[in-house]
**Student:** 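Structure provided below as structure tokens; questions to follow.
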Amino acid sequence: MNYRWNWGILLQDPYWGWLWSGLEWTLLISLGSWIIALVIGVAFGIARSLPNRAVQMAAGIYVEIFRNIPPLVQLFLWYFVFPEVVPDAIGLWIKRDLPQPEFMTAIVAIGLFAGARVAEQVRAGIAAVGIHLLPAALATGLRPLQAFRLVLLPLGLRAIVAPLTSEFLITVKMSAISLTIGVLELTAQSRHIENYTFQGLEAFTVATVVYLLLGLAVTGLMRVIDSRIGGLKLQRAPS
């Protein structure tokens, strides 16, 4: 392979600025979509755990639809199809007047996909806690809804802090698909540098290292959170 490495080109203007801008967009997309995923995931995870068939079914429809359609397809649907099927005034606002439409579409699409996965984590955490603690909570005189609100929900959320780490990492990595609708995040900026300098290996190597460092930072942060509020372990009582 007759390739001439030139790492110094990445420190030149404007290429270093492009990488930094790409990192900023990656972080914004990751954090924005994760906030959406947490809010929606907790809400629908709770809904799937409530003793109401209609609510469970409605939440289950959302989870099954958004969890089983590839996120890239969802991104295209939200960006290219959704503005065309809503009323004309709304569609024109989305395409012309919505601030940063590519960015907003990316965080919504990724957030809704991740939210369906988080909802299943929340449902599983509540169910795992409920098997052991619901009878005990009811035995103390709590009503079912009180037991759910005061015991099952907080302890169920604590139990899934560690599994949510993987979901957050997936969300960070999925931010790269936003380049397909024009968001100049880290991967897109690396391709941009390759097109201008033909030094793509250097740009993508730096992007790879940055993604690795982001993943390690997320893992370390979640371990700290898990050590403080998570890590709930349930043991079978001796017979």
Side-chain angles (χ1 to χ4, degrees), residues 1-38 66 69-83 94-96 98-118 164-225:
M1 180 177 180
N2 190 21
Y3 183 82
R4 297 183 62 182
W5 295 86
N6 183 8
W7 294 99
I9 198 170
L10 298 180
L11 300 178
Q12 299 177 10
D13 229 11
Y15 308 123
W16 174 252
W18 290 357
L19 286 174
W20 187 254
S21 174
L23 174 59
E24 290 177 346
W25 282 113
T26 294
L27 292 175
L28 288 173
I29 294 170
S30 301
L31 294 175
S33 57
W34 183 242
I35 291 172
I36 293 175
L38 276 181
F66 283 87
I69 298 177
L72 184 58
V73 175
Q74 295 187 40
L75 186 64
F76 285 164
L77 290 175
W78 281 109
Y79 189 69
F80 294 109
V81 179
F82 181 70
I94 293 174
K95 290 185 287 187
R96 296 181 183 179
L98 178 67
Q100 300 289 346
E102 296 86 359
F103 167 71
M104 299 300 296
T105 302
I107 65 172
V108 168
I110 296 173
L112 290 175
F113 173 78
R117 296 172 57 90
V118 172
L164 287 181
T165 303
S166 296
E167 301 301 333
F168 193 8
L169 289 174
I170 291 173
T171 302
V172 173
K173 289 181 283 188
M174 278 197 301
S175 66
I177 68 174
S178 60
L179 69 87
T180 57
I181 60 172
V183 180
L184 293 177
E185 45 70 62
L186 186 58
T187 303
Q189 292 288 22
S190 299
R191 294 181 62 183
H192 205 188
I193 293 173
E194 180 185 28
N195 293 334
Y196 273 78
T197 66
F198 300 100
Q199 304 292 149
L201 292 182
E202 291 89 338
F204 282 107
T205 299
V206 171
T208 301
V209 172
V210 171
Y211 281 120
L212 176 60
L213 293 176
L214 284 177
L216 293 175
V218 170
T219 303
L221 175 62
M222 296 300 283
R223 282 178 179 171
V224 172
I225 296 175

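Owing to the predicted nature of the structure, the values given are computational and were not obtained by experimental measurement. Along the sequence shown, residues carry numbers from 1.
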**Student:** Between side-chain atoms of residues 201-215 and protein atoms elsewhere (two or more places apart, or another chain), which donor-acceptor pairs fall under 3.5 Å?
**Tutor:**
{"unit_1": "Glu202", "atom_1": "OE1", "unit_2": "Tyr3", "atom_2": "OH", "d": "2.6"}
{"unit_1": "Glu202", "atom_1": "OE1", "unit_2": "Gln199", "atom_2": "NE2", "d": "3.3"}
{"unit_1": "Glu202", "atom_1": "OE2", "unit_2": "Asn6", "atom_2": "N", "d": "2.6"}
{"unit_1": "Glu202", "atom_1": "OE2", "unit_2": "Gln199", "atom_2": "NE2", "d": "2.7"}
{"unit_1": "Thr205", "atom_1": "OG1", "unit_2": "Leu201", "atom_2": "O", "d": "2.6"}
{"unit_1": "Thr208", "atom_1": "OG1", "unit_2": "Phe204", "atom_2": "O", "d": "2.7"}
{"unit_1": "Tyr211", "atom_1": "OH", "unit_2": "Glu185", "atom_2": "OE1", "d": "3.2"}
{"unit_1": "Tyr211", "atom_1": "OH", "unit_2": "Thr187", "atom_2": "OG1", "d": "2.8"}

**Student:** Can you list every pair that meets salt bridge (Lys or Arg N to Asp or Glu O under 4.0 Å) and has a residue in residues 8-36, with sequence neighbours left out?
**Tutor:** none
**Student:** Can you give the donor-acceptor pairs under 3.5 Å from side chains of residues 100-112 to other protein atoms, not counting sequence neighbours?
**Tutor:**
{"unit_1": "Glu102", "atom_1": "OE2", "unit_2": "Tyr79", "atom_2": "OH", "d": "3.1"}
{"unit_1": "Thr105", "atom_1": "OG1", "unit_2": "Pro101", "atom_2": "O", "d": "2.7"}

**Student:** What residues, two or more places apart in sequence or in another chain, satisfy ring pair (Phe, Tyr, Trp, His ring centres under 6.0 Å) together with Trp20?
**Tutor:** none
**Student:** Return a table of donor-acceptor pairs under 3.5 angstrom between the side chains of residues 26-34 and protein atoms on other chains or two or more places apart.
**Tutor:**
{"unit_1": "Thr26", "atom_1": "OG1", "unit_2": "Gly22", "atom_2": "O", "d": "3.0"}
{"unit_1": "Thr26", "atom_1": "OG1", "unit_2": "Leu186", "atom_2": "N", "d": "3.1"}
{"unit_1": "Ser30", "atom_1": "OG", "unit_2": "Thr26", "atom_2": "O", "d": "2.7"}
{"unit_1": "Ser33", "atom_1": "OG", "unit_2": "Ile29", "atom_2": "O", "d": "2.6"}
{"unit_1": "Ser33", "atom_1": "OG", "unit_2": "Ser30", "atom_2": "O", "d": "3.1"}

**Student:** Which residues pass the ring pair (Phe, Tyr, Trp, His ring centres under 6.0 Å) test with Phe80, sequence neighbours left out?
**Tutor:** Phe76
**Student:** With sequence neighbours excluded, tell me which residues meet side chain to side chain donor-acceptor pair (under 3.5 Å) with Lys173.
**Tutor:** none
**Student:** Measure across Ile69 and Gln74 and return the closest heavy-atom pair with its distance rounded to 0.1 Å.
**Tutor:** O-NE2, 2.8 Å
**Student:** Under the rule for side-chain contact (heavy atoms from CB on, under 4.5 Å), what residues qualify as partners of Ile170, not counting sequence neighbours?
**Tutor:** Arg117, Glu167, Met174
**Student:** Ring pair (Phe, Tyr, Trp, His ring centres under 6.0 Å) with Trp18: which residues, sequence neighbours excluded?
**Tutor:** Tyr15, His192, Tyr196
**Student:** Atom CG of Leu19 and atom CG of Leu10: how far apart are they, to the nearest 0.5 Å?
**Tutor:** 6.0 Å
**Student:** Taking all atoms of both residues into account, what is the closest heavy-atom pair of Trp78 and Phe82, and its distance?
**Tutor:** O-CB, 3.4 Å
